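These numbers were taken from a predicted model, which means no experiment stands behind them. Worth knowing before you read on, the calculation uses all heavy atoms, side chains too, and leaves out hydrogens, waters and symmetry mates. Naming convention: chains lettered A, B, ... in sequence-line order (proteins, then strands); numbering from 1 in each chain.
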Amino acid sequence: MGSQFLSASTALTRRAVMGLAMAASLVLAAGMPAEAAPKTSLTLGMSVEPTGLDPTIAAPVAIGQVTWQNVFEGLTTIDRNGKVQPQLAESWTISPDGLIYTFKLRQGVTFHNGEAFDSAVAKFSIDRARGADSVNPQKRYFAAIDTVETPDAATLVLKLKQPAGSLLYWLGWPSSSIVAPKSAADNKTTPIGTGPFKFVSWTKGASVELARNPDYWNKAGAARLDKATFRFIADAQAQAAALKAGDVDAFPEFGAPELIDSLKGDARLATVIGNTELKVVAGMNNAKKPFDDKRVRQALMMAVDRQAVIDGAWSGFGTPIGSHYTPNDRGYVDLTKTYPYDPQKAKALLAEAGYPNGFSFTMKAPQMAYAQRASQILQAMLAEIGVTMTIETTEFPAKWVADVFKGGNYDMTIVAHAEPMDIDIYARDPYYFNYKNPTFNEILKKVEATADPAAQEKLYAEAQTILATDVPALYLFVMPKLGVWDKKVAGLWENEPIPSNVLSEVHWTE
Amino acid sequence: MSFLRRHPTFLVGLVITLALVALALLSLVWTPMPPTRMQIIHKLKPPMAHGLLGTDQFGRDVASMLMVGAWNSLSTSLLAVALGATLGTGVGVLVAAIRGVTETVVMRFCDIIFAVPPILSAMLLGAFIGSGRFTAIIAIAVFMVPVFARLTLSAASQIWTRDYVMAAIGMGRNRAKITVVHVLPNIANQIIVQVTIQLGLAILTEAGLSFLGLGMPPPAPTWGRMLSDAQTFLGQAPWLALLPGLAIALAVMGLNMLGDGLRDLLDPRDPS
Amino acid sequence: MIALIVRRLAGLIVTLLLVSAVIFAVMDLLPGDPASVILGTSASPDTLAALQKEMGLDRPLAVRYVAWLAGVLQGDFGRSYTYGVPVAGLIAERLSVTVPLALIAILISVVLAIPLGVQAARHQNGGWDVFSGLFSHVSIAVPAFWVGLLLIILFSTTLGWLPAGGFPGWAGGVGAALMALLLPAVALALPQAGVLMRVTRSAVLEVMNEDFVRTARAKGLSEQTALWRHAVPNALIPVVTMLGLQFTFLIAGAVLVENVFNLPGLGRLAYQALSQRDVVVMQDVVLFFSALVILMNFLVDLAYLLIDPRLRAGVR
């Protein structure tokens with residue numbers, strides 16, 4: 001009898017499991033698309049859930065990756081090649097001294113809540129971002145603006161204190177999005193913009209849903225999808241499973257390079273490897289011994305085999321870089337050969353700098369996989385030239401920002417810098433590298449003083465060369481954009497000149 | 001000898017534990033390969049293909065890492081339990097000797113520690129002082145203190161009611177002396193049994209902390225971090241997830257069986 | 001009796017207050033402030049100051065604690081810094097994952113443990129006993145998160161039967177949601193089943209030797225009837241107590257398992273909130289966990305008081 005009870009109970013569980021399996025297959029069947037017309041809804045996967053949905057009040061790139069160009073638009077925008085294009089500003093003129101920008105604004109644009117866009121709204125958005133109470137993460141981009149004038153509803157005039165050659169580029173950023181005065185305060189939870197998609201709902205911890213904006217101002221650029229859902233899946237294994245099962249149609253930035261091979265075998269899926277702006281660099285505290293000696297930094301750079309780092313940390317995906325600049329960026333120069341891998345030379349240079357027996361230091365590495373793996377590989381490589389690295393895992397972002405970024409209390413650290421075209425961080429003071437080079441600062445000032453792209457690119461090349469020679473940080477590699485999506489999905493960006501998931505052109509081909 | 005025959009689990013536990021301790025000690029002087037040596041070209045080789053138990057994502061020898069992992073895991077857990085047991089027992093016998101308000105305060109304090117789930121407070125502690133062996137030891141020990149404090153308090157309180165202790169009090173012996181002469185020796189067995197059982201728990205907790213990245217920093221191999229690293233390689237290299245987990249399970253099982261056996265041997269009053 | 005319960009309740013509230021104060025202080029002392037986490041690496045000091053003011057972080061610790069406590073007492077748990085929504089709603093959303101997960105896990109562990117435990121007790125030192133002893137030793141020793149990984153290897157990556165992680169939400173159909181919870185629930189249940197089995201076994205053993213069971217047998221009831229009608233129900237008291245205590249363990253153990261399976265539950269919320277320094281959410285979640293633990297302990301104590309009259313007299 002007793003044993004009967006046991007077997008009865010196992011039979012019960014078996015039946016329960018079968019029931020569950022059947023229920024699930026029913027659900028799957030119900031969710032199958034009709035074969036005839038192309039699908040008009042898309043589920044897109046992201047690793048990180050955004051914290052709030054207003055890119056003008058918080059820094060995390062995930063916010064822009066959901067909202068920028070989908071919900072929110074700017075005066076200018078940045079296209080898939082990283083070029084500045086007009087958006088809510090139709091056109092503009094710049095005075096010869098580069099101090100007065102006059103924008104002709106687009107007419108007939110309305111926000112999702114019905115508010116009309118005009119020069120007063122543009123002024124509101126810019127003043128909100130640069131005012132005393134501003135919590136805009138890129139407030140510095142508005143620092144050059146002296147006054148904002150609105151001669152009429154269709155004209156906006158920005159008068160600058162000093163020339164800012166990158167202003168039009170900066171105005172295209174997610175943090176420069178144009179917001180409506182009535183709804184701005186609630187954008188964090190219910191974003192209202194002028195974009196081709198409207199915000200529908202946000203299930204915290206799981207997904208954000210957007211729907212086509214039928215009243216979009218630009219008929220040519222209107223959304224082709226009726227519905228777009230962003231799903232947040234942190235674990236790479238689960239990301240792969242969701243892709244294979246068709247629960248997610250596209251993962252523009254797949255989380256684990258080591259799983260890409262297993263996805264390549266799936267005939268339904270396309271793997272598209274592009275470039276991001278994520279520069280993985282091992283920053284050094286240039287104010288601290290022995291890293292204050294340029295020769296030491298150069299020696300460490302020569303001890304690093306970048307390709308081996310990429311192979312070990314990111315399964316061979318990624319592009320080596322020689323300075324704080326990516327192949328996406330305009331004016332890129334390949335400087336990986338400035339201090340190529342040469343442990344013998346590295347040892348000699350270290351001896352010349354006064355460390356024939358090497359030295360010891362601590363690496364504060366964030367917990368992310370790329371940082372942990374790369375620092376363990378660096379640890380092994382530096383050991384070859386007699387340098388001992390102790391790895392201390394430092395929780396990112398909170399503790400890292402407090403300790404390393406603000407406190408400057410570190411020897412070496414390793415992070416992926418996500419902001420595009422941020423080579424100017426080496427000219428910022430204070431900045432965690434504690435790198436000080438007046439010549440470098442001068443060059444970046446000149447970049448802002450000119451609006452001529454060719455001249456700017458030449459200056460950027462000079463800036464890159466200085467960094468490659470001075471090695472304020474060990475320049476390792478650019479993270480690849482591991483795009484995996486259904487082969488029938490078209491229109492997603494291959495590269496990522498700015499962190500984003502622009503959906504207006506995305507559609508199903510059959 | 002007859003005890004061993006009547007309690008086969010004790011024997012099994014003893015053998016497993018001794019074998020693990022031996023491997024851990026051996027790792028201090030010898031491992032098949034240096035556990036931190038990376039050979040990227042040999043990465044993710046299955047067991048027997050490269051080294052006895054294969055290699056990880058950096059081409060490090062898994063067998064060597066497991067051996068050193070045994071030392072790291074056992075030593076961290078042992079230190080944590082030693083710390084927790086010493087403090088907890090100290091507090092327990094002290095409170096048993098004094099009673100009164102101290103007892104209320106101490107027990108309330110234990111309640112507070114018990115109220116916050118261990119993994120949460122370990123996460124808080126990790127955020128506070130950073131990850132590392134020290135964090136792991138403190139986080140585990142913090143939970144051992146109330147366990148041992150409660151155990152010794154109740155055990156010691158019973159001793160204090162015994163006739164011979166009453167007699168000693170009557171004779172004017174001071175309480176510190178009574179604690180050392182009468183109380184401690186009488187509760188030692190219970191504490192030893194508890195230490196063995198808590199060691200198993202400590203190994204589990206240490207593995208969990210390492211899994212969350214709150215244990216010893218790399219390159220020191222720990223079983224928990226090996227498991228967490230293995231997560232994205234489940235499809236390609238399942239042995240990376242299997243072996244460290246097996247090691248943890250064996251270690252905990254060995255210690256638990258040893259503890260059960262010891263309880264039967266030393267503390268026969270308690271059934272189960 | 002009533003006086004005792006009231007005294008215990010008062011103690012419970014004091015403990016909870018102390019816990020909340022400790023948590024508040026610890027969260028405040030943590031390196032890294034929520035404002036700089038939100039604003040990232042390019043924000044200037046004046047922007048940071050503006051945000052801190054907006055979030056009320058410029059007020060002294062004690063003032064913030066009292067304000068938070070006053071809110072909690074009125075049912076207002078505050079607003080999440082990162083999500084910008086009331087924390088009460090966030091916790092409720094996450095509980096819709098964690099509570100079903102814990103319940104399914106309890107169900108699985110009961111289904112596994114009680115029959116095994118009863119069998120082991122009935123055939124003491126027999127084959128069943130050895131088997132269940134081995135089972136309990138193994139299941140107690142394996143870490144839940146490892147069991148989770150093994151289940152994923154077997155059922156997801158190899159067989160492809162069940163999802164490897166993630167949660168489709170209850171709106172997407174109960175079937176799919178339950179499928180997503182099945183593997184994590186098994187991972188959680190296994191270690192608990194070992195403990196529960198042991199408790200069941202020793203409880204049944206103890207009861208079977210008691211007078212009323214002997215009497216029942218003497219009255220001519222069969223071994224089976226005596227066992228199931230008299231011994232098991234009485235042995236269930238410690239088992240149910242154990243279950244009460246386990247519920248809190250399961251909820252807490254879910255922190256690791258939810259991370260392995262990528263489930264949007266309460267444990268994961270705590271993990272997230274800590275890394276975002278979302279102090280308000282963290283405080284509320286820890287307070288919630290603590291309240292649960294304390295309450296469960298209280299209920300267990302209460303149950304003992306009601307069941308065992310001896311304890312009522314021996315009030316310490």
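- Contact count versus chain C (heavy atoms, under 4.5 Å) is highest, among B:A251, B:A241, B:G245, for B:G245.
- Of the two parts of B:L201, neither the backbone nor the side chain holds a non-hydrogen atom closer than 4.5 Å to a non-hydrogen atom of chain C.
- For the pair C:F288 and C:L95, the minimum side-chain heavy-atom distance is below 4.5 Å.
- Ranked by heavy-atom pairs under 4.5 Å with chain B, the first of C:R198, C:R277, C:H137, C:M27 is C:H137.
- In this structure, B:W239 places its CH2 atom where more than 12 heavy-atom neighbours from other residues, nucleotides or ligands lie under 6.0 Å away.
- Using a 4.5 Å cut-off between heavy atoms, C:L274 contacts chain B through its side chain alone, with no backbone atom that close.
- C:L150 touches chain B through its side chain: at least one heavy atom from C-beta onward sits under 4.5 Å away, while N, CA, C and O do not.
- Between the CG atom in C:L101 and the CZ atom in C:F261 there is a gap of 9.5 Å [rounded to 0.5 Å].
- Top candidate by heavy-atom pairs under 4.5 Å with chain C, chosen from B:L125, B:L212, B:I113, B:V12, is B:L212.
- Within residues 138-147 of chain B, no residue has any heavy atom closer than 4.5 Å to a heavy atom of chain C.
- Looking at heavy atoms from C-beta onward, C:V281 lies in side-chain contact with C:L269 at the 4.5 angstrom threshold.
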Query raised in the report: Run the side-chain hydrogen bond (donor to acceptor under 3.5 Å, both in side chains) check on C:S20 and C:Q283 step by step: do they pass?
Result: CA-CA 7 Å; C:S20 78; C:Q283 266 151 222; over 6 Å; no
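- Other residues, nucleotides and ligands place no more than 12 heavy atoms under 6.0 Å from the CZ atom of B:F109.
- Atom CG in C:L196 sits 14.0 Å away from atom CZ in C:R201 (nearest 0.5 Å).
- Contacts of C:V138 with chain B are made by both backbone and side-chain atoms, with heavy-atom separations under 4.5 Å.
- Scanning for salt bridge (charged side-chain N to carboxylate O under 4.0 Å, His left out) contacts around C:R268 gives an empty result, with sequence neighbours left out.
- Of the two parts of C:V199, neither the backbone nor the side chain holds a non-hydrogen atom closer than 4.5 Å to a non-hydrogen atom of chain B.
- Not a single donor-acceptor pair under 3.5 Å links the side chain of B:W223 to the backbone N or O of B:A247.
- Taking non-hydrogen atoms and a 4.5 Å limit, the residue list of residues 203-210 of chain B in contact with chain C, ordered by number, reads B:L204, B:A207, B:G208.
- For C:F155, there are no ring-ring contact (aromatic ring centres under 6.0 Å, His included) partners at least two apart in sequence or on another chain.
- The shortest side-chain heavy-atom distance between C:V260 and C:P184 does not fall under the 4.5 Å cut-off.
- At a 4.5 Å heavy-atom cutoff, C:L287 makes no contact with chain B through either its backbone or its side chain.
- With hydrogens and angles disregarded, a donor-acceptor distance shorter than 3.5 Å links the side chain of B:S154 to the backbone of B:L151.
- Interface remark: of the candidates C:V142, C:I153, C:L205, C:I153 forms the most heavy-atom pairs closer than 4.5 Å to chain B.
- A parallel orientation is assigned to the rings of C:F135 and C:F131, their planes being inclined by less than 30° (bins at 30° and 60°).
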Query raised in the report: How far apart are the C-alpha atoms of C:D129 and C:R122, what are their side-chain angles, what is the distance that settles it, and do they pass the salt bridge (Lys or Arg N to Asp or Glu O under 4.0 Å) test?
Result: CA-CA 8 Å; C:D129 202 13; C:R122 232 168 66 86; over 6 Å; no
